[in-house]
Every structure is written in C-alpha cells, then in structure tokens.
Amino acid sequence: MPRVESEQLSMPNRVVVIGAGPGGLATALLLANAGLDVDLVERTDRVGGRTSSLEAEGFRFDLGPTFFLYPEVLEKIFSVAGFDLRKEVQLVRLDPMYRLVFGAGGELNATPDRLAMRQEVAKLCAADASNFDRFLAENRAKFRRFKPCLQTPFLGLKNLLTPGMLKLLPILRPWNSVDDELKRYFNDPRVRLAFTFQSKYLGMSPFRCPGLFSILSFIEYEFGVFHPVGGCSAVTAALARVAREAGVRFHLGEPAEAILFEGRRAVGVRTRSGEMRCDAVVVNADFARAMTELVPDALRRRWTDSRIAAKKFSCSTFMLYLGVEGRYDDLPHHNIYLARDYRRNISDIEDRHVLSDDPSIYVQNACVTDPSLAPPGNSTLYVLAPVTHSHPNVNWVRERDTFRRTVLRQLSKLGFAGVEDRIRFERILTPADWEERVRVYRGATFNLAHTLGQMLHLRPRNRFEDLDGVYLTGGGTHPGSGLPVIFESARIAARLIGEDLGIEVGVGGPL
Ligand SMILES: Cc1cc2nc3c(=O)[nH]c(=O)nc-3n(C[C@H](O)[C@H](O)[C@H](O)COP(=O)(O)OP(=O)(O)OC[C@H]3O[C@@H](n4cnc5c(N)ncnc54)[C@H](O)[C@@H]3O)c2cc1C
C-alpha cells in the first residue's frame with residue numbers, strides 16, 4: 001500500500017479509532033504514544049466495551065471477561081508507554097484456577113501446583129494422571145512455535161506458505177480437533193474435557209475447534225489465571241487512563257455514523273457532532289456490525305453483506321448478574337458445571353440451535369477473592385450459560401423466564417444453595433440483548449467462529465483488505481477473540497499503521 005504523507009508536513013498524522021473496547025484502547029494508546037494525533041469515538045458513555053462493568057446497588061460485575069490470562073502482552077503495551085501494568089492494576093493469581101463439576105459424575109479442582117494436579121486427574125482416572133506432564137511439555141513446545149503466528153499480520157497466503165509455517169504443520173496438526181488432540185494424552189472423556197472446554201473461550205465446541213488451541217489450557221497451567229482486583233473492567237479503565245495521559249482524545253457517547261471515503265480510501269469518520277478528517281481509521285467496533293452499518297456494501301469486495309451473513313459465527317451467552325445476600329466462602333472464585341451429555345449440549349448450541357434442558361454453566365463467585373465487589377456480607381454471582389447465537393428457533397421474549405429458571409436450578413449442581421431466595425439485585429442479558437443493546441452481530445459474543453476457514457489470512461485482516469486506510473483491532477480480526485490475542489491485534493494494527501504512515505510506532509518489543 002502506498003504511504004500517505006500528511007497534508008501539512010508539520011502536522012502529526014491523525015487517526016480516528018471507532019470503539020473503546022480493549023482492542024481500540026490499546027491501539028489508541030500505542031499510536032498516541034508514538035506521537036500521532038488520536039481521536040477515539042465510543043458509542044456508549046463508558047469505556048471497555050464487552051470488557052466493561054455493570055454497577056448497581058453497591059454490586060459490581062464484569063459484563064464479559066472474568067478470566068485474565070497471559071498478562072505478558074498487555075504488560076508490553078503498558079511498558080512501551082512508560083507504565084507498569086501491575087502498578088496500575090492489582091492482579092491476583094488464582095489457586096485453584098477453577099473447579100469443574102461433571103454432570104457425568106466427579107469433580108476436578110484445576111491447580112497450577114503440578115503434583116496436586118496429577119492427584120486431581122488421578123481421582124477421575126489413575127491411568128491419565130501420568131500423562132499430565134507430557135501434555136504440558138508438548139504444549140510448551142507447541143506454544144513456543146505457534147506464538148509468532150499470533151504476532152504476525154496474516155495479510156495473505158504469502159504469510160502462510162513460508163518454510164517456518166510449513167514446518168509447523170506436523171506440530172500443530174490443524175486437521176485435528178482439540179478433543180482429538182487431547183486423546184493423545186487422556187482416555188477419560190471428563191479429563192479430556194478439563195483440558196478442552198477452554199475452546200468455549202472462543203465460543204466453540206472442543207469437537208470442532210482446531211487442535212492447535214490445546215495451547216489454551218496449557219497457558220492457564222503455565223502462566224496462571226488472574227483476577228484483576230475490581231474485575232477485568234479495571235484493566236480497560238487503566239488502559240483508558242494511560243491512553244488519556246498519552247494524549248488520546250475520548251469522545252464518549254458519540255457513535256460513528258459512517259466512515260467517509262474518497263474512492264476506496266477512508267478519509268474520516270462522521271458522528272453527530274460533525275466530520276473528523278483523518279489519515280487512518282481503526283475499527284474496533286464489532287466487525288460484522290460495523291462493516292454492514294458504517295461502510296457502503298458496494299465499496300467492499302470480499303466482506304460484502306451477503307458474504308458476512310454466510311460466515312460461521314460463535315455461540316452467544318445467556319447472562320445472569322446476581323447480587324445476593326450472604327457469602328459463598330466455601331466455594332472457589334470460578335466454578336464450571338459441564339452438562340451430563342456435553343456433546344448434546346454443544347450440538348444444541350451449534351447445530352440444532354435450541355436451548356438445552358441440562359445446560360453447562362459458569363459461575364464467578366468473585367467476592368471470595370475481591371470483597372470490594374459487593375456491599376459487606378453480600379456477594380456477586382456472575383452466571384453464564386453458553387447458548388446459540390440469535391436464531392429463529394429461539395424467541396427470547398418467550399424463553400427468557402423459563403431459561404432463567406433452568407439456569408438457577410443448575411446453580412445447585414455447583415453447590416450454590418438457596419440462591420433464588422437471596423437475590424437482592426438481578427440483571428439478565430440474552431443473545432437478543434447482546435444483539436440489540438450491545439450491538440453484536442447475531443449476538444455472537446465471541447465474533448466470527450475460529451474455524452480453520454476463518455483464521456489467519458482468512459479472518460478479516462488487521463490492514464483491512466477491502467479498503468485503504470482502514471485497520472481492524474479486537475476480537476473480530478486476527479488473531480481472534482480473547483484478551484491476550486486482542487492485545488496482540490492492537491500491536492499488529494498499530495505497527496501496520498506506523499509502516500503505512502512512515503512513522504516508527506513502538507509496540508513493546510518485536511512482533
Ligand atoms: C460474556 C463474555 C465473556 C468473555 N470472557 C472472556 C474471558 O474470560 N477472558 C477473555 O480473555 N476474553 C473473554 N471474552 C472475549 C473478549 O475478551 C471480550 O469480548 C472483549 O471485550 C472484546 O474486545 P474488543 O476489543 O473486540 O471490543 P469490544 O469489547 O467488543 O468493544 C467494542 C466497542 O466498540 C463500541 N462501538 C460499537 N459500535 C460503535 C460505533 N458505531 N461507534 C463507536 N463505537 C462503537 C462498543 O460500544 C464497544 O465499546 C468474553 C466475552 C464475552 C461477551
């Protein structure tokens with residue numbers, strides 16, 4: 001792509017970032033830190049996007065992310081701007097990382113303590129315990145080899161067909177599912193599930209998710225699962241604080257209404273306050289929603305409205321945010337119930353698009369680690385059930401209350417007794433709410449699915465291939481959904497913008 005010279009040489013290049021989610025905030029910070037003139041427009045009146053908080057009556061919940069993994073990437077971003085992430089946000093490493101309760105019978109407390117973990121596995125299947133160390137060792141090698149892919153902008157086939165990538169194939173075995181991959185170590189399906197359910201972080205089934213994602217569970221055991229004090233929204237709040245200090249101008253409550261073009265080149269963004277001319281536009285808003293609403297269909301070549309509609313999307317989530325009287329101090333921070341017939345539950349979500357009668361659920365009981373989240377003596381319970389993205393089979397106006405009752409019933413399977421009588425505050429979010437209120441395409445909370453056909457150069461690219469001067473950051477682009485890789489997308493996008501504008505943009509170390 002040709003370089004763009006700023007019209008007046010003395011003026012810094014101007015960039016407009018659309019969306020104050022983690023990807024948008026991190027990209028804005030890196031660009032402002034490099035001396036660019038950065039405006040960030042955000043539809044809502046707060047920062048953080050899906051990584052913001054919900055606060056009411058003395059309770060504070062994370063809206064979306066609750067697992068903070070692999071802080072290393074964000075540490076690099078903070079350090080390039082002269083800040084120390086761990087001074088800005090207190091990170092507590094959790095042990096146990098989470099408790100799994102299997103509907104098929106048995107429990108497992110996932111712990112980073114290797115010996116204790118082997119004993120936990122042995123409780124489910126003695127023969128599998130001895131393979132835990134081999135799983136870690138082989139995935140350590142796999143992670144080391146795959147990491148560069150997460151840091152490379154996949155701008156075309158040329159990035160894929162390199163000798164390095166071809167050598168990776170026998171190690172990554174991309175044709176395997178995560179479950180197939182784990183069969184190499186563990187026979188007991190419950191043990192496999194303990195190391196594969198993490199594909200749900202990408203909104204996918206372990207039976208379909210590409211095998212290379214076995215690194216997700218490895219990352220937890222190797223680098224830890226963290227709780228940021230105040231919740232994951234404390235991370236995006238800190239990013240916003242640091243970005244402001246670096247000079248980013250925030251325009252909250254000011255949605256982008258259109259990206260402005262001259263031919264195929266983006267030249268600005270229109271909001272209700274007028275037009276902001278710029279040299280580059282960064283889109284952090286939900287990819288499918290933003291493209292179909294902010295860019296005329298005729299301008300797009302590969303990602304037209306009809307092609308986007310034909311893509312595979314992740315699952316959605318049914319959420320209960322409960323402020324309850326009393327505490328559950330004998331239960332851990334993260335608790336996961338895995339449906340008795342997990343394959344059926346997954347198939348209900350991804351194939352049949354119906355609601356399960358024995359859904360898997362996840363409950364965050366954060367006050368055991370962080371009492372600041374509720375009034376004294378009370379607790380917050382964040383309850384998430386993975387469900388189908390918006391689909392004509394499920395009418396949420398009709399199903400909402402019945403499914404709420406189903407989910408509340410599931411809580412007792414995790415040991416949360418008598419919750420219903422203790423609820424003092426409650427907020428529900430259905431896939432229809434994600435779609436209509438949070439403006440997520442089809443309510444697919446984890447964006448485009450991470451199938452092989454929608455990854456690397458086949459995912460919407462960080463230097464967006466359909467338009468000039470448009471860059472993507474966040475869960476909808478490469479490398480994918482999940483905070484560590486979203487922060488990698490910010491580093492990649494910032495570096496590409498720097499290259500195209502002819503400016504050195506520090507991204508906190510080599511990509
Ligand atoms: C329920 C749930 C649980 C999750 N759990 C985890 C977890 O535990 N760990 C993890 O690592 N990840 C998790 N994720 C995934 C991911 O980390 C988050 O979704 C993350 O917030 C996505 O970041 P993003 O940068 O893509 O932007 P988003 O968070 O999607 O933010 C985009 C921003 O763009 C704004 N916007 C939209 N349209 C416009 C417009 N026209 N003009 C201006 N602004 C606009 C939005 O208001 C929003 O603020 C979870 C996600 C969800 C939904």
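Atoms within a ligand are numbered from 1 in the order they appear, just like the ligands themselves.
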Checklist entry - Got the closest protein heavy atom to atom 51 (C) of ligand 1, with its distance? => result F446 CE2, 3.6 Å

Checklist entry - For atom 38 (N) of ligand 1, which protein heavy atom lies nearest, and how many Å away is it? => result A285 CB, 3.4 Å

Next on the checklist: Could you check whether F197 and Y362 have their ring centres less than 6.0 Å apart?
Outcome noted: no

Checklist outcome for this item: Candidates F318, F67, F287; heavy atom nearest atom 8 (O) of ligand 1 found on F67

Checklist entry - So, K76 and E72, do they make that salt bridge, N to O below 4.0 Å? => result yes

Checklist entry - Heavy atom of F487 under 4.0 Å from ligand 1? => result no

Item to check | K312, NZ: over 12 other non-hydrogen atoms inside 6.0 angstrom | outcome: no

Checklist entry - How far is atom 15 (C) of ligand 1 from its nearest protein heavy atom, and which residue and atom name does that atom have? => result S481 OG, 3.7 Å

Next on the checklist: Tell me if the aromatic rings of Y382 and F61 count as close, with their centers under 6.0 Å from one another.
Outcome noted: no

Checklist entry - Do NZ/NE/NH1/NH2 and the carboxylate oxygens of K147 and E488 come within less than 4.0 Å? => result no

Next on the checklist: I need the nearest protein heavy-atom contact for atom 34 (O) of ligand 1: residue, atom name and distance, please.
Outcome noted: G19 CA, 3.3 Å

Checklist entry - Tell me, which protein residue and heavy-atom name are nearest atom 18 (C) of ligand 1, and how many Å apart are they? => result P65 CG, 3.7 Å

Next on the checklist: Between D466 and R264, does any NZ, NE, NH1 or NH2 come within less than 4.0 Å of an OD or OE carboxylate oxygen?
Outcome noted: no

Checklist entry - Does D286 come within less than 4.0 angstrom of ligand 1, counting non-hydrogen atoms of the residue? => result no

